[in-house]
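Right, one structure below, let's go through it.
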Amino acid sequence: MYQFLSCINLKPDQDLNEFRRELHEFAEILLEKNLLVSMSPVGRRDKHPVMDTDDERKQEYYFLMTFKDREQCDQAVEFIYSNEDPGNSVHRNMYKKTRDQVFICWEEL
């Protein structure tokens, strides 16, 4: 499996529930197009004194998208860049609610 972790903050005037609704809608579009295997719920960071040692990143929210492989992830990226709707407008609306984005990918061994 190929994993994609999104670490984000929401802009101050944005509602978490609205962001989650749009993220879920976007994931459903990717799932219908066979461009995604699964997506986790949005999580809120808990700055645990022992278990969270990342002092570099200050993002509050996280979610994980799982792809079957790098190729499927690349196809999802191509879909986003294609500007095809409804995916493009949902992704754009979702993305403009965020700031301080950090994205991390890895392949399970």
Query raised in the report: So, for N83 and N88, which heavy atoms are closest and what is the spacing to 0.1 Å?
Result: OD1-OD1, 3.3 Å
Requested in this report: Check S38 against L31 and note the closest heavy-atom contact, atom names and distance.
Outcome: N-CD2, 4.3 Å
Requested in this report: Find the distance between CD (E60) and CG (D46) and round it off to the nearest 0.5 Å.
Outcome: 11.0 Å
Query - Minimum side-chain heavy-atom gap Q101-Y95 below 4.5 Å - result: yes
Query raised in the report: With a 4.5 Å heavy-atom cut-off, do I80 and F26 have their side chains touching?
Result: yes
**Report entry** Shortest non-hydrogen contact between S89 and D85, atoms and distance
**Finding:** N-OD1, 2.7 Å
**Report entry** Set of side chain to side chain contact (heavy atoms under 4.5 Å, CB included) partners for L23, sequence neighbours left out
**Finding:** F19, M39, V42, F63, M65, M94
Query raised in the report: What pairs meet the salt bridge (charged side-chain N to carboxylate O under 4.0 Å, His left out) rule with one or both residues in residues 19-38, with sequence neighbours excluded?
Result: E18-R21, R21-E25, E22-K97, K33-E84
Query - Side chain proximity check, F4 to L64, heavy atoms < 4.5 angstrom - result: no
Query raised in the report: Could you state the interatomic distance from CD (E71) to CG (L35), rounded to the nearest 0.5 Å?
Result: 11.0 Å
Query - Close side-chain approach of L36 and T66, heavy atoms under 4.5 Å - result: no
Query raised in the report: In Å and rounded to the nearest 0.5 Å, what is the CD1 to CG distance from I8 to D100?
Result: 10.0 Å
**Report entry** Residue list, side chain to side chain donor-acceptor pair (under 3.5 Å) with Y61, at least two apart or on another chain
**Finding:** R44
Query raised in the report: Would the number of heavy atoms belonging to other residues, nucleotides or ligands and lying under 6.0 Å from CZ of R70 be above 12?
Result: no
Query - R99 side chain reached by P12 side chain, heavy atoms, under 4.5 Å - result: yes
Report summary line: Residues A76 and L30: closest non-hydrogen pair is CB-CD2, 4.4 Å
Acceptor/donor pairs from residues 102-109 side chains to any protein atom, 3.5 angstrom cut, sequence neighbours excluded:
{"unit_1": "E108", "atom_1": "OE2", "unit_2": "Q3", "atom_2": "NE2", "d": "2.7"}

Query raised in the report: How many angstroms lie between atom OG1 of T53 and atom NE2 of H48, to the nearest 0.5 angstrom?
Result: 11.5 Å
Query - Donor-acceptor contact present, side-chain Q14 to main-chain L10, <3.5 Å - result: no
Query - Hydrophobic cluster of V37, others only, ordered by chain and residue number, side-chain cut-off 4.5 Å - result: M1
Report summary line: Residues at least two apart in sequence or cross-chain that pass side chain to side chain contact (heavy atoms under 4.5 Å, CB included) with R45, listed by chain then number, are K47, D52, D54, R57, Y62
